[in-house]
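Heads up, the thing below is written out as structure tokens.
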Protein chains: 4
Amino acid sequence: MAKITLLIHCADTSGIIASVTSFFHSHKGNIIYIDQYVDNENKTFFMRLECEFQYEIKLNELKNKFEYEIGTPYNMVWQLFSSDTRLRMAIFVSKYDHCLYDILSRYKSGELSLDIPMIISNHEDLKHVAENFDIPFYHIPVQNGEKNIAEREQLELLEQEKIDFIVLARYMQIVSTRMIDKYPNRIINIHHSFLPAFAGAKPYHFAYKRGVKIIGATCHYVTDELDAGPIIEQDIARISHSHAVRDLILKGRDLEKIVLARGIKLHLERKTMVYDNRVIVFT
Amino acid sequence: MAKITLLIHCADTSGIIASVTSFFHSHKGNIIYIDQYVDNENKTFFMRLECEFQYEIKLNELKNKFEYEIGTPYNMVWQLFSSDTRLRMAIFVSKYDHCLYDILSRYKSGELSLDIPMIISNHEDLKHVAENFDIPFYHIPVQNGEKNIAEREQLELLEQEKIDFIVLARYMQIVSTRMIDKYPNRIINIHHSFLPAFAGAKPYHFAYKRGVKIIGATCHYVTDELDAGPIIEQDIARISHSHAVRDLILKGRDLEKIVLARGIKLHLERKTMVYDNRVIVFT
Amino acid sequence: MAKITLLIHCADTSGIIASVTSFFHSHKGNIIYIDQYVDNENKTFFMRLECEFQYEIKLNELKNKFEYEIGTPYNMVWQLFSSDTRLRMAIFVSKYDHCLYDILSRYKSGELSLDIPMIISNHEDLKHVAENFDIPFYHIPVQNGEKNIAEREQLELLEQEKIDFIVLARYMQIVSTRMIDKYPNRIINIHHSFLPAFAGAKPYHFAYKRGVKIIGATCHYVTDELDAGPIIEQDIARISHSHAVRDLILKGRDLEKIVLARGIKLHLERKTMVYDNRVIVFT
Amino acid sequence: MAKITLLIHCADTSGIIASVTSFFHSHKGNIIYIDQYVDNENKTFFMRLECEFQYEIKLNELKNKFEYEIGTPYNMVWQLFSSDTRLRMAIFVSKYDHCLYDILSRYKSGELSLDIPMIISNHEDLKHVAENFDIPFYHIPVQNGEKNIAEREQLELLEQEKIDFIVLARYMQIVSTRMIDKYPNRIINIHHSFLPAFAGAKPYHFAYKRGVKIIGATCHYVTDELDAGPIIEQDIARISHSHAVRDLILKGRDLEKIVLARGIKLHLERKTMVYDNRVIVFT
């Protein structure tokens with residue numbers, strides 16, 4: 001049995017849902033999930049749909065027909081994925097190990113249906129973790145003033161291994177525009193604050209100083225503006241005056257890894273669409 | 001501009017969504033919300049849909065056509081509501097005032113689009129609250145062994161005022177089968193525990209004794225089995241060993257009123273469907 | 001039986017707890033609560049203590065002895081309150097009624113042990129709420145460019161009624177330095193965002209635009225810098241892309257009233273101490 | 001610099017805090033943490049205290065003096081721990097790996113200051129995890145009707161390795177009274193429900209069937225009555241009707257591992273005291 005996932009956005013108008021669902025019905029598909037959202041401000045329509053077929057589908061033929069019958073008439077931006085495809089994820093790390101351990105544990109537990117062909121780091125500290133989990137580890141140092149060289153090496157590796165998306169698992173380097181342009185809305189970062197509060201460096205220090213009663217973590221797509229990309233997921237933990245900065249850091253670890261894991265899963269399952277710097281999350 | 005809300009359930013089969021959405025499209029309706037759910041265990045399909053029409057619709061005609069073209073062919077159970085109808089809610093209370101204050105404040109703030117033609121109580125304690133908010137208050141004492149008499153009086157009042165649904169806002173009496181049968185899935189109760197834990201009387205006392213670290217409140221439809229009806233909404237609050245029973249009671253008040261208010265709103269907006277003692281909540 | 005609450009802060013040194021507890025023991029007091037906190041960065045010690053006495057205490061005498069035996073030797077800043085004193089709270093409102101309804105409902109329910117001698121507003125919109133709850137309502141319009149005049153009138157009223165602290169229950173005006181200086185750490189505001197995110201006007205609009213997945217509310221003491229005062233309490237609610245600004249506003253109402261109520265209670269029970277723009281909250 | 005942690009409980013009476021704090025002050029200790037709790041129902045006093053000494057203390061001498069001057073006069077049950085001691089924890093698992101991965105990742109990250117001399121399992125499935133993290137793994141099969149034999153082997157191993165406490169990380173076997181008696185309040189279990197709701201087997205299945213809107217996990221000390229031991233920590237996650245049982249199981253994994261990790265840390269840091277089947281958690 002074949003299964004496809006469809007993501008759509010287009011100008012909002014009447015009849016889209018009827019047309020799309022009829023299309024799949026006429027191709028003997030069984031729609032098992034449908035969700036839609038209308039951004040009234042931008043008059044834009046968004047939809048996510050999952051459809052099962054009892055017979056083997058010819059994906060390209062289906063796509064062509066969809067473009068002809070639906071996509072073109074409605075002037076849609078759409079993507080149609082087969083559930084057979086397995087995404088390939090690269091992990092970037094520096095020295096913090098908690099997010100890396102968490103991702104790799106989930107991967108080994110069978111919780112994440114993807115491939116991890118590489119871990120890239122600017123330090124060697126976490127090589128042993130990669131080895132314990134049998135994932136290739138590439139140490140690419142980032143020298144002062146020679147970030148370009150490191151990045152060229154990274155990009156080659158990513159291309160060579162046909163990486164689909166990148167996860168910055170507490171990678172302590174700023175990613176360049178060139179990298180972002182190559183992987184638009186496909187670089188996922190975890191920031192250790194409740195954005196937009198405490199963007200930038202040392203958020204736990206600033207959270208302590210401001211005396212907030214709740215800390216957070218934010219998983220977002222990386223854009224050119226630091227910590228300002230579209231937010232996929234956030235969560236929080238309650239703290240009190242008695243928590244010193246090191247307590248916040250410790251408490252934050254659990255937040256960071258949970259929020260990042262949720263973000264990765266949403267991306268993986270094609271449940272996210274980015275529009276106007278916001279993420280539509282179909283759940 | 002007219003707006004309708006449609007609730008459906010039927011045996012799951014292919015093509016339902018396409019048929020329903022095409023029906024409304026052919027009637028020049030604009031679907032502004034659609035959500036569906038398939039209970040795979042029971043092979044049952046559920047759908048909620050909101051549709052706007054630019055012209056004035058004839059509700060009965062639309063209903064007849066829908067039944068003929070869609071309802072009968074798919075053997076559906078369905079309800080179609082016009083947004084013009086304003087539901088009429090009765091509130092039952094005893095002596096606790098926090099839920100009553102909360103509901104009436106929301107009502108006066110314009111947060112609830114409904115009518116409240118009556119507050120019924122087995123005690124006179126909260127008469128002054130009803131009066132302050134200008135709602136008719138009916139004191140119907142429930143004498144030992146003569147519950148029947150009180151209930152007959154209640155039912156007459158409810159019928160006379162064309163009440164659509166009833167909210168038990170910490171009403172400390174068990175409602176009889178006769179009442180429940182008259183208002184199936186239309187009597188909403190707030191129970192002061194995280195059901196199914198601590199059903200029955202004195203849940204905060206038992207929560208304290210068991211040493212739980214979290215307390216809860218549960219809003220559910222009333223069925224014949226005490227505190228076992230389908231759950232609409234729940235929420236929790238964190239406690240510690242240092243909270244005595246009276247602290248739990250106080251903390252619980254905020255939970256109870258918030259959870260009850262959410263349940264009332266979901267019911268009011270036709271976002272709930274009951275099936276197999278579970279509530280499908282379309283959000 | 002008399003009961004006192006003691007709040008202390010001083011430079012951290014050894015022996016403070018032993019000295020203080022011995023002092024009350026020697027006066028035949030029974031300490032029923034003690035909590036302390038050391039700010040290691042500032043080397044400052046904080047303590048809150050509740051003590052019961054089986055006999056009638058002479059408060060002034062006790063205070064004098066405490067100052068002589070403990071306060072002076074340790075160079076302490078301390079406050080000692082008798083549980084007999086009932087605080088007097090003024091409420092400032094503009095047009096939003098949800099926080100006002102919530103506070104007054106709690107007050108009438110007996111949840112807040114304080115007096116509310118006045119509600120002050122720059123508009124007449126909520127006069128009817130005050131009247132329903134039998135609280136004196138003062139309409140003091142704030143004319144463009146003549147804020148001074150209004151404030152003088154406010155201050156007179158506050159003084160005349162011996163107000164202890166002020167609650168800004170969605171009061172849409174900025175309070176002047178003169179007022180703040182008169183009531184330092186005694187003006188409580190509710191801000192409808194998760195501070196420091198979205199300080200200033202229209203936080204829900206900015207939250208929507210930024211695409212956050214969680215909104216918040218913050219209760220803080222008012223200082224000269226807008227929305228930058230010490231934070232007493234915060235809480236959050238989860239949202240999704242599908243919530244329009246008006247949904248955030250509606251969801252936020254429940255947050256705002258709960259968080260403000262918690263802040264008021266903590267202040268009322270002398271559980272807050274402000275230091276270095278942070279609030280130590282003893283729970 | 002030496003540091004000790006003291007746990008006390010005794011009949012509540014006046015002067016305990018003053019006596020205890022004076023004792024440590026007279027020994028030139030600096031109390032850096034003190035928290036106390038009075039169970040008013042049982043008239044019992046509980047205290048936890050941390051104290052630093054600038055000089056090297058003689059632990060046994062200090063204990064003897066404390067017993068003589070404080071413990072005996074107040075008829076206390078007390079424990080005094082040096083921060084030098086490193087606890088030894090055994091992990092029991094069956095086939096689920098998520099809690100094991102989580103504990104071992106934290107251990108390797110340096111988050112848990114303890115030793116893990118062994119993982120015991122009734123299956124070989126997780127041997128590879130133990131090996132990847134370099135922890136000795138003991139496969140002790142539990143044959144039908146011959147549980148006694150397995151348990152004898154377990155107890156020998158535990159004794160031989162001087163295990164201080166045991167963590168059942170989704171160990172799918174019931175622990176016998178003999179084992180519990182050997183490790184009273186020192187066997188920590190994670191149960192995959194919000195106890196007391198859904199005690200026993202298959203809690204996620206029952207949660208689904210009951211239609212709850214929130215699921216939970218509970219970390220508790222093991223007692224003879226199944227899933228009825230004193231609760232250390234609980235947490236919850238929101239679910240909806242659309243979550244099938246397998247979704248609950250997946251969502252529950254994150255809850256289970258976080259709640260278990262918190263429970264382990266609280267135990268490790270001597271922050272828990274059990275009394276009357278409730279856990280006093282000093283935070």
D235(D) portion near chain B, given a 4.5 angstrom heavy-atom threshold: both
F206(D) atom CZ: more than 12 heavy-atom contacts under 6.0 Å: no
Side-chain donor/acceptor of R278(D) to backbone N/O of Y208(B), under 3.5 Å: yes
Among E41(B), K209(B), E233(B), residue most engaged with chain D (heavy-atom pairs, under 4.5 Å): E233(B)
Distance (rounded to the nearest 0.5 Å) between Q234(D) CD and I215(B) CD1: 11.5 Å
Neighbour count >12 (heavy atoms, 6.0 Å) for atom OH, Y183(B): yes
Largest heavy-atom contact set with chain B, pairs under 4.5 Å, which of A199(D), G211(D), A207(D): G211(D)
NZ-CD1 distance between K213(B) and I232(D), expressed to the nearest 0.5 angstrom: 9.0 Å
Option in I214(B), D276(B), V279(B), I236(B) with maximal non-hydrogen atom pairs under 4.5 Å from chain D: I214(B)
K182(B) atom NZ, neighbour heavy-atom count above 12 within 6.0 Å: no
Y37(B) and H241(D) aromatic ring geometry - parallel, tilted or perpendicular at 30°/60° bounds: perpendicular
Chain D contacts, top residue of T218(B), D39(B), I280(B) (heavy-atom pairs, under 4.5 Å): I280(B)
Contact winner vs chain B - A244(D), A228(D), G216(D), heavy-atom pairs under 4.5 Å: A228(D)
Heavy-atom neighbours of F46(B) CZ exceed 12 at 6.0 Å: yes
Minimum side-chain heavy-atom gap P196(B)-V212(D) below 4.5 Å: yes
